[in-house]
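Data block below; observations after.
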Amino acid sequence: QLVESGGGLVQPGGSLRLSCALSGFRSETYTIGWFRQAPGKDREGISCISGRGGNINYADSVKGRFTISRDNAKNTAYLQMDSLKPEDTGVYYCAINGMFNRCMSGRMDYWGKGTLVTVSS
């Protein structure tokens, strides 16, 4: 089971920190990815982190503003989102798989139900 939390309403330029809690999985054996689905758009890969954190990818749209991290001892991953823009609005999902190279394209094995992020003044 994957459970996202930390979404909400934030003004442009603000920050949010999303969490993804894993249960029933050995965290360090899985790549974790964050994905976003904006209203009326397809789901897109935002960021991925390998099992031990040695490999990380970001979508160009969030580079320099978002930071992915994980704490395997807590079976939790995080997405720190700074300098938020209205176009960052959407439902954010975390997901896991066993292959880092498949993550950004969304080829994941298990998904959470998502948390809504709204960036608006």
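Quantities reported herein were computed from a predicted structural model and do not represent experimental measurements. In this chain, numbering begins with 1 at the start of the sequence shown.
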| task | Drop me the distance from Thr115's OG1 to Trp34's CH2, to the nearest 0.5 angstrom. | result | 7.5 Å
| task | Could you check Trp111 against Phe35 for ring pair (Phe, Tyr, Trp, His ring centres under 6.0 Å), going step by step and ending with a plain yes or no? | result | CA-CA 10 Å; Trp111 293 82; Phe35 301 82; 4.8 Å; yes
| task | Examine distances only and state if a side-chain atom of Glu4 and a backbone atom of Lys113 form a donor-acceptor pair shorter than 3.5 Å. | result | yes
| Would you call Arg36-Glu44 a salt bridge at under 4.0 Å N-O? | yes
| Going hydrophobic residue to hydrophobic residue with side-chain gaps under 4.5 angstrom, can you get from Leu84 over to Leu116? | no
| query | What residues, two or more places apart in sequence or in another chain, satisfy salt bridge (Lys or Arg N to Asp or Glu O under 4.0 Å) together with Arg65? | reply | Asp88
| CG on Leu79 to CZ on Phe66, rounded to 0.5 Å | 6.0 Å
| query | Between Tyr93 and Leu2, is any pair of side-chain heavy atoms under 4.5 Å apart? | reply | no
| message | As an exercise, state the distance from CZ of Arg52 to CZ of Arg70, rounded to the nearest 0.5 Å. | response | 9.5 Å
| field | Any Thr67 side-chain heavy atom under 4.5 Å of Tyr78 side chain | value | no
Under 3.5 Å, which donor-acceptor pairs do the side chains of residues 14-22 form with other protein atoms, sequence neighbours left out?
unit_1, atom_1, unit_2, atom_2, d
Ser15, OG, Asp82, OD1, 2.7

| Nearest non-hydrogen partners of Ile68 and Tyr58, listed with the distance | N-OH, 2.9 Å
| remark: In terms of heavy-atom contacts, Pro12 and Ser120 come closest through CD-C, 3.6 Å
| Quick one: do Tyr110 and Met104 end up in the same hydrophobic cluster if we chain Ile, Leu, Val, Met, Phe, Trp and Tyr together by side-chain heavy atoms under 4.5 Å apart? | no
| query | Taking C-beta and beyond as the side chain, do Tyr92 and Met81 meet within less than 4.5 Å on heavy atoms? | reply | yes
| said: So which atom in Gly33 and which in Cys103 form the shortest heavy-atom distance, rounded to 0.1 Å? | reply: CA-SG, 3.6 Å
| Any sub-3.5 Å donor-acceptor pair from Asn72's side-chain atoms to Gly51's backbone N or O? | yes
| Do side-chain atoms of Ser47 reach the backbone of Asn57 as a donor and acceptor pair under 3.5 angstrom? | yes
| request: Decide yes or no for Ile56 and Phe100: does some side-chain heavy atom of the first lie under 4.5 Å from some side-chain heavy atom of the second? | output: no
| request: Please check if the side chain of Arg43 supplies one atom and the backbone of Val91 the other of a donor-acceptor pair under 3.5 Å. | output: no
| note | Correct closest heavy-atom pair for Cys48 and Thr31 would be CB-CG2, 4.5 Å
